Amino acid sequence: MKGNVRVESEAHHQLKSGEYWRDLPAFESVSAQEFETHLFQQRHTVTSVAQLREVLGKVVPESFYADLAAGIANAPMALRISPHLLSLIDWSAPESDPIRLQFLPLRSGQKADHPMLQLDSLGERKDSPVPGLTHRYADKALFLPVDSCPVYCRFCTRSYAVGADTEFVGEKLKLHASLQRWENAFAYIESHPELEDIVISGGDSFNLKADHIELIGMRLLGIPHIRRLRFATKGLSVLPQKILSDHRWTDSLTRVVEQARKLHKTAVVHTHFNSPNEIVDITRRAMNVLVERGITVRCQTVLQAGVNNSARAMQLLVKRLGHVNIQPYYVYFHDMVPGVEDLRTSLGEGLSIEKHVRGVTAGFHTPAFVVDTMGGGGKRDAHSHEHYDRETGIAVFTSPSVKPGQWFLYFDPLESLAPDIQARWEIATERRAMIDDALREAGAGSGDPVACAVR
Ligand SMILES: *Cc1c(COP(=O)(O)O)cnc(C)c1O
Ligand code: SF4
């Protein structure tokens, strides 16, 4: 990556506006007043190939629908996409569109999984003292009150629990909204005074009822040792209309944030944008409401091939997020989950992109590039690897504050490696040898615990 890759000075201000949804046959006569409501978006959310055909008709050839149906049969996540996102896809070139890539799996684009992949790659179930609560770090925990989202991302790390069962994954862990289950989580949090910080995720906070946002928020803020709450939602990217039209929901969130402020605590929103194309005029209007109410919003992005794996795309994303007052917080290297190998990038590629992003804008708007280590070591700064063998694509991390004494591994996608190395990965004894070499180079002793089993 050489030369001038800086974003031209205006590109991040230019947000798509107008009635672009009218290009799709089903939405041709839908007015802005109707399209820009959460009720329209929810009612017309597409969950099957048949429904997609009703929306798009002949905008794409018949072969696209067949490719998609085959892709879904081979994917860990069920299909679910909002009209908002559907209308932002460039249907003249859907194969390479960054939004299509994230939500609509095409069989022709899928790649064989890396031999070291695993479902629940982060080991969240292992660090769960009660169902739907992951307590891995000393002072913070992840609470999963629901298992549904307004849309389903192909690459979801929680495909072990989130979304409808699929043939690919089989029966998922069920984490439905349930006051009894939540009470168990609150009781655990209450009895652990070291916990200061709760991430309310899921699933997605957008799928919690307004009353439940308030119930959960107020209950947690009432626990003396809890200082910080974050509501995690992809909603601002996939259904920003809700902030503008679901007044009860937005007001409930606002009341929790105000109550936090009154108690000298903080409650914020963490959202998830991956492509600069997801930030359009209505995103800015939704953000303006939250800004006026003093609600802080931060963004967690996943680094993905074809979506944002270029210096330009990542710079534009970071600048655009800043423009609408969203603070870029993390860029995650893609988790090693099955069925989405085509989206992963190598560690080396991501490290290079990071170098091109740092310095483009304010330091506090510059995301940290992190690897959430397989096997539960937590998030590690990608640059902090103990060893990285670019030839075999093996990176070794430690996590002294979370899982002292253990070693964690990240593997580059096979396609990024030379053919002879790819061939070595096919053979179990060769895999073992390459991993042992990397661990030795990193300084691991022969008997040290390694957080992922070699299959
Ligand atoms: C990511 C995560 C958190 C929050 O971590 P931050 O680095 O503070 O954003 C908490 N618990 C779990 C299990 C997580 O995966
Ligand atoms: S919104 Fe988040 S939890 Fe829901 S499917 Fe997407 S990545 Fe998974």
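Along the sequence shown, residues carry numbers from 1. Since this is a predicted model, take the numbers as computed values, not measurements.
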Test side-chain contact (heavy atoms from CB on, under 4.5 Å) applied to Q102 and F155, step by step: CA-CA 7 Å; Q102 297 177 65; F155 50 86; 3.8 Å; yes
Worked check of side-chain contact (heavy atoms from CB on, under 4.5 Å) between M314 and V360: CA-CA 10 Å; M314 199 60 89; V360 157; over 6 Å; no
Residue pair V151, T45: steps toward the side-chain contact (heavy atoms from CB on, under 4.5 Å) verdict: CA-CA 8 Å; V151 297; T45 286; 5.8 Å; no
Verdict with supporting geometry, T233 and D204, side-chain hydrogen bond (donor to acceptor under 3.5 Å, both in side chains): CA-CA 5 Å; T233 175; D204 191 300; 2.5 Å; yes
Check against side-chain contact (heavy atoms from CB on, under 4.5 Å), D412 and L347: CA-CA 6 Å; D412 289 347; L347 187 75; 3.7 Å; yes
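In this structure, Y388 has its ring center no closer than 6.0 Å to that of Y410. Under the 6.0 Å cut-off for aromatic ring centres, W182 and H212 qualify, their centroids lying closer than that.
In plain terms, the two heavy atoms of G306 and L101 that are nearest each other are O-CD1, 3.5 Å. The two residues Y152 and D147 have their closest heavy-atom pair at OH-O, 4.3 Å. For the pair W249 and K209, the tightest heavy-atom approach, listed with the atom from each and the gap, is CD1-C, 4.3 Å. Here the closest heavy-atom approach between residue L290 and residue L253 is recorded as CD2-CD2, 4.5 Å. Scanning all heavy atoms of the two residues, the minimum distance from H84 to L239 falls at CD2-N, 4.5 Å. The minimum heavy-atom distance linking D281 with S17 is given by the pair CB-CB, 3.6 Å.
Remark: S205 OG to H270 NE2 distance equals 11.0 Å, nearest 0.5 Å. Rounded to the nearest 0.5 Å, atoms OG (S346) and CZ (R390) are 7.5 Å apart. Distance CG/L220 to CD1/I189: 5.0 Å, rounded to 0.5 Å. Expressed to the nearest 0.5 Å, how far CD of E341 lies from NE2 of H334 amounts to 9.0 Å. Atoms CZ and OG1, from F408 and T398 in turn, are 8.5 Å apart once rounded to the nearest 0.5 Å. Note that CG of L409 and NE2 of H387 are 10.5 Å apart. Values are rounded to the nearest 0.5 Å.
Looking only at side-chain heavy atoms (C-beta outward), R320 and L15 come within less than 4.5 Å of each other. Between V280 and Y20 the shortest side-chain heavy-atom distance falls below 4.5 Å. You'll find the side chain of L142 stays beyond 4.5 Å of the side chain of L133, heavy atoms only. Taking 4.5 Å as the limit, every side-chain heavy atom of R154 sits out of range of all side-chain heavy atoms of M77. When side chains are defined from C-beta on, Y137 counts as touching V402, because their heavy atoms get closer than 4.5 Å. Two residues are said to be in side-chain contact when any heavy atoms from C-beta on lie closer than 4.5 Å; Y188 and H135 meet this criterion. A 4.5 Å side-chain heavy-atom check between P328 and T301 finds every atom pair outside the cut-off. Here the side chains of F206 and K234 are not in contact, with every heavy-atom distance at 4.5 Å or above.
By the salt bridge (Lys or Arg N to Asp or Glu O under 4.0 Å) test, K111 pairs with E415, sequence neighbours left out. Listed by chain and residue number, E278 satisfy the side chain to side chain donor-acceptor pair (under 3.5 Å) test with S237 (two or more places apart in sequence, or in another chain). Annotation: salt bridge (Lys or Arg N to Asp or Glu O under 4.0 Å) contacts of K242 (sequence neighbours excluded): D246. Partners of E62 according to the salt bridge (Lys or Arg N to Asp or Glu O under 4.0 Å) rule, which considers only residues two or more places apart in sequence or in another chain, are R53.
Contacts classified as salt bridge (Lys or Arg N to Asp or Glu O under 4.0 Å) and involving residues 83-97 (residues at least two apart or in different chains) are not found.
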N/O donor-acceptor pairs under 3.5 Å from side chains in residues 420-428, not counting sequence neighbours:
| residue | atom | partner | partner atom | Å |
| --- | --- | --- | --- | --- |
| Q422 | NE2 | L414 | O | 3.1 |
| Q422 | NE2 | L417 | O | 2.8 |
| R424 | NE | E430 | OE1 | 2.6 |
| R424 | NH2 | E430 | OE1 | 3.2 |
| W425 | NE1 | T392 | O | 3.2 |

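Under the 3.5 Å distance criterion, the side-chain polar atoms of D67 are matched with a main-chain donor or acceptor of S108. Side-chain N or O atoms of R107 include none that pairs as donor or acceptor with a backbone N or O of G71 at under 3.5 Å. Here the side chain of S252 pairs a donor or acceptor atom with the backbone of A210 at under 3.5 angstrom. No donor-acceptor pair closer than 3.5 Å links the side chain of R136 to the backbone N or O of D127. Judged purely by atom type and a 3.5 angstrom limit, N308 uses its side chain to pair as donor or acceptor with the backbone of N274. With hydrogens and angles disregarded, a donor-acceptor distance shorter than 3.5 Å links the side chain of W91 to the backbone of L86. Looking at S245, its side chain does come within 3.5 Å of a backbone N or O of H38 through a donor-acceptor pair.
Each of L317, L316, L236 was checked for a side-chain contact (heavy atoms from CB on, under 4.5 Å) with I279, and the lone residue meeting it is L317.
Between F40 and F35, the ring planes are tilted. Angles from 30° to 60° get that label.
More than 12 heavy atoms of other residues, nucleotides or ligands lie within 6.0 Å of NZ in K16, so this atom counts as buried by the packing criterion.
A salt bridge does not link D436 to R440: none of the charged side-chain nitrogens sits closer than 4.0 Å to a carboxylate oxygen. Between K140 and D197 there is no salt bridge, since no side-chain nitrogen of the basic residue lies less than 4.0 Å from a carboxylate oxygen of the acidic one.
N309 and T345 share no donor-acceptor pair across their side chains, judged by distance under 3.5 Å alone. R312 and Q315 form no side-chain donor-acceptor contact under 3.5 Å, judged by distance and modelled atom types alone.
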